[in-house]
Chemist: 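Before we start, here is the structure in question, set down as structure tokens.
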Amino acid sequence: MKRSFFSEERLGAKSMRLHFLATTVVFLVACQVSFAQTAGVTDAEIVIGQSCALKGPTKVLGQSLRRGAQAYFKYVNDNGGINGRTIRLVTYDDGYEPKACLANTTKLIEQDQVFLLFGYVGTPTSKEILPLVIDKKVPFFAPFTGAEFLRNPVNPFVFNIRPSYSQETEAIVEKLLAERGISRISVFYQDDSYGEAGLEGVVKAMEKRNLDIVNQASYPRNSATVEKAVDKISSVSPEAVIMVGVYDPCAKFIQLMKSKGSKAIFLNVSPVGASALGNALLNEGAGVVVAQVVPFPYDRRMPVVLEYKKRLGQYFPDAEPEFVSMEGYIAAKALCEILAQVPEPITRAAFVQTAESQTNKDIGGFSFTFGPDSHQGSDRVYFTQIAPGGFLNPIDNLKHLY
């Protein structure tokens with residue numbers, strides 16, 4: 001039977017409606033999938049968040065760690081990203097203050113919708129945001145702190161690259177006794193959870209050897225008010241002072257102790273910021289010891305060091321290689337190595353599972369390991385001393401101090 005134009009027209013209109021409905025369904029399904037995808041992950045990028053001091057007395061630490069991380073992220077992005085996705089780092093300044101850090105972290109999670117948190121600087125700031133990390137189940141990767149509460153008991157969302165303060169202080173005490181025969185040790189520390197963690201580490205290391213510290217004294221965070229601490233510690237004439245602080249107050253403490261005639265060896269844990277401390281002390285710093293948790297940034301024998309120097313020069317040509325930015329670089333590379341292995345679709349749970357599968361992962365002479373029962377990537381502690389002029393040299397034995 002012959003079909004009328006009207007019938008064909010109606011059939012065409014019906015087909016168009018069906019096509020429109022099908023397209024709409026596909027679009028809505030796609031939107032649902034997109035909306036259901038883990039926060040911070042799109043087809044084009046992975047967004048990660050950071051809160052650290054970019055201004056104020058400890059700004060050098062935050063700026064340096066971020067610079068080193070960005071040197072690696074920029075390199076990754078310029079070479080196709082992580083399986084086609086670029087890394088976008090969103091950083092807010094917290095001035096090394098816990099409440100500001102909590103506000104920043106809330107914003108990063110709820111407003112910026114970051115996939116994970118990365119490279120926070122500080123023990124008190126990390127302690128402040130830990131309940132939020134646990135509540136929101138957001139991975140917290142490579143914080144710049146050796147606090148024990150981020151390690152024991154193992155937190156399923158926290159992944160540390162650096163050793164703990166207990167490991168740093170244990171290594172320091174061991175060297176003082178074994179290589180210098182020194183047991184009269186005082187502790188100078190920052191009066192907050194960072195300093196208390198370091199103090200606890202020293203006390204634990206001494207008690208292990210049936211020894212006591214001579215005395216202890218502190219200074220307030222974000223200040224260089226160290227005069228009372230100098231009076232207290234100098235009054236007992238210790239052979240060594242283990243310091244758990246940041247560069248400015250530690251430099252002032254050392255200068256004032258020496259002005260009182262102290263002959264003590266001054267030894268610092270790594271978060272002090274070795275380069276900044278050296279720059280503040282110059283010739284007065286000769287023989288001051290700083291523990292480190294990453295390799296010497298001029299060690300040509302290590303591929304990751306050569307790579308770090310090349311990328312830092314490429315993306316930040318005015319910056320000098322130093323330990324804090326190198327730690328940022330290593331942390332960023334470790335993170336990207338894990339992200340590259342996470343199966344699709346990328347989720348926070350899949351990231352955690354992939355991270356826990358890393359065993360002796362070598363990223364150029366520096367390796368890290370994570371597992372369900374341990375979220376601490378590296379246990380290695382290195383040592384340096386400040387040379388005349390404020391420069392840093394690697395050392396193997398405390399007998400060889402200036």
Side-chain angles (χ1 to χ4, degrees), residues 60-61 64 165 167-189 198 202 205 213-214 217 219 224 226 229-230 233-234 236-302 305 309 320-327 380-402:
V60 171
L61 300 179
S64 296
Y165 293 143
Q167 289 173 301
E168 286 194 56
T169 51
E170 164 65 26
I172 290 171
V173 170
E174 172 61 25
K175 276 190 166 291
L176 280 172
L177 269 69
E179 298 170 3
R180 295 295 294 252
I182 286 176
S183 61
R184 285 185 49 77
I185 300 171
S186 293
V187 180
F188 170 71
Y189 67 101
V202 178
I213 61 174
V214 178
Y219 73 93
V226 303
V230 169
I233 291 180
S234 64
V236 299
S237 301
E239 297 173 286
V241 181
I242 298 177
M243 309 175 69
V244 188
V246 294
Y247 53 91
D248 191 33
C250 285
K252 186 176 179 181
F253 176 86
I254 292 168
Q255 289 167 331
L256 290 177
M257 285 288 290
K258 288 188 173 185
S259 73
K260 286 179 172 287
S262 176
K263 302 300 181 183
I265 299 174
F266 300 98
L267 308 99
N268 298 261
V269 292
S270 59
V272 69
S275 296
L277 181 64
N279 289 336
L281 289 171
L282 298 176
N283 290 336
E284 292 181 281
V288 171
V289 176
V290 184
Q292 307 291 354
V293 296
V294 293
F296 190 66
Y298 288 93
D299 188 348
R300 294 178 176 272
R301 298 168 297 178
M302 299 193 72
V305 174
K309 290 180 64 180
E320 291 291 329
E322 45 84 27
F323 286 96
V324 179
S325 66
M326 180 155 184
E327 183 170 344
R380 181 74 185 272
V381 178
Y382 308 80
F383 282 89
T384 56
Q385 69 168 320
I386 298 176
F391 302 101
L392 288 161
N393 291 331
I395 54 171
D396 294 322
N397 195 305
L398 295 188
K399 291 181 180 178
H400 307 139
L401 296 180
Y402 289 102

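The figures here come from the full heavy-atom set of this structure, side chains too, leaving out hydrogens, waters and symmetry mates.
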Chemist: Would you compute the distance between atom CZ of Arg180 and atom CD of Glu239 and round it to the nearest 0.5 angstrom?
Modeler: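 It comes to 9.5 Å.
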Chemist: So which atom in Ala264 and which in Val241 form the shortest heavy-atom distance, rounded to 0.1 Å?
Modeler: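 Shortest heavy-atom contact: CB-CG2, 4.2 Å.
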Chemist: Looking at Glu284, is its backbone amide N or carbonyl O close enough to the side chain of Lys258 to form a donor-acceptor pair, meaning the two atoms are under 3.5 Å apart?
Modeler: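 Side chain of Lys258 to backbone of Glu284, a donor-acceptor pair under 3.5 Å: yes, one is there.
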Chemist: Using modelled atom types and a 3.5 Å cut-off, is there a donor and acceptor pairing between side-chain atoms of Lys399 and backbone atoms of Glu179?
Modeler: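 It does not hold such a pair.
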Chemist: Please give me the minimum heavy-atom distance between Asn283 and Pro388, naming the atom from each residue.
Modeler: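 Looking at all heavy atoms of both residues, the shortest contact is OD1-C, 3.5 Å.
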Chemist: Decide yes or no on side chain to side chain contact (heavy atoms under 4.5 Å, CB included) for Phe253 and Val230, but give the supporting numbers first.
Modeler: CA-CA 6 Å; Phe253 176 86; Val230 169; 3.5 Å; yes
Chemist: Check for me whether Lys175 meets the cation-pi criterion with Phe383, that is, NZ or CZ under 6.0 Å from the six-membered ring centre and within 45 degrees of the ring axis.
Modeler: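 The answer is yes, since Lys175 meets both limits relative to Phe383.
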Chemist: Determine the minimum heavy-atom distance between Glu168 and Ala291, stating which atoms define it.
Modeler: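 Answer, listing the atom of Glu168 first, then Ala291: OE1-CB, 3.6 Å.
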Chemist: If you look at every heavy atom in Leu277 and Ala251, which pair is closest and at what distance?
Modeler: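 So the two residues come closest at CD1-N, 3.7 Å.
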Chemist: Between Phe188 and Tyr219, is the gap from one ring center to the other below 6.0 Å?
Modeler: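 Centroid distance Phe188-Tyr219: below 6.0 Å, so yes.
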Chemist: Go through it in stages, so that I can follow the logic: the residues are Ile265 and Leu398, the test is side chain to side chain contact (heavy atoms under 4.5 Å, CB included), and I'd like the CA-CA distance, side-chain angles, deciding distance and then a yes or no.
Modeler: CA-CA 10 Å; Ile265 299 174; Leu398 295 188; 5.9 Å; no
Chemist: Could you go step by step and tell me if Val288 and Ile254 meet the side chain to side chain contact (heavy atoms under 4.5 Å, CB included) rule?
Modeler: CA-CA 9 Å; Val288 171; Ile254 292 168; 4.0 Å; yes
Chemist: Is it the case that Ser275 and Glu320 place a side-chain donor and acceptor less than 3.5 Å from each other?
Modeler: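 No, because no side-chain N or O of Ser275 sits under 3.5 Å from a partner of the opposite role on Glu320.
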Chemist: How far does CD1 of Ile242 sit from CD1 of Ile172, to the nearest 0.5 angstrom?
Modeler: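 If we round to the nearest 0.5 Å, Ile242:CD1 and Ile172:CD1 are 5.5 Å apart.
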Chemist: Using 0.5 Å steps for rounding, measure from the CZ atom of Phe323 to the CG atom of Leu392.
Modeler: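 CG of Leu392 is found 6.0 Å from CZ of Phe323.
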Chemist: Can you tell me how far CG of Leu401 sits from CG of Asn393, rounded to the nearest 0.5 angstrom?
Modeler: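 Here the rounded value is 11.0 Å.
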Chemist: Quiz question: by atom type and distance under 3.5 Å, do the side chains of Thr384 and Gln292 form a donor-acceptor pair?
Modeler: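 Checked: Thr384/Gln292 side chains pair up, N/O donor to acceptor below 3.5 Å.
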Chemist: CD/Glu322 to CD/Glu327 distance, rounded to the nearest 0.5 angstrom?
Modeler: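 It is 10.0 Å, given to the nearest 0.5 Å.
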Chemist: Taking all non-hydrogen atoms of both residues into account, name the closest pair between Leu282 and Gly389 and its distance.
Modeler: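 In terms of heavy atoms, the two residues are closest at CD2-O, 3.5 Å.
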Chemist: If you round to the nearest 0.5 Å, how far is CG of Asn268 from CD of Gln385?
Modeler: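 It is 12.5 Å, given to the nearest 0.5 Å.
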Chemist: Is the CZ atom of Phe391 crowded by more than 12 outside heavy atoms at less than 6.0 Å?
Modeler: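 Counting neighbours around CZ of Phe391, 12 or fewer heavy atoms of other residues, nucleotides or ligands fall under 6.0 Å, so no.
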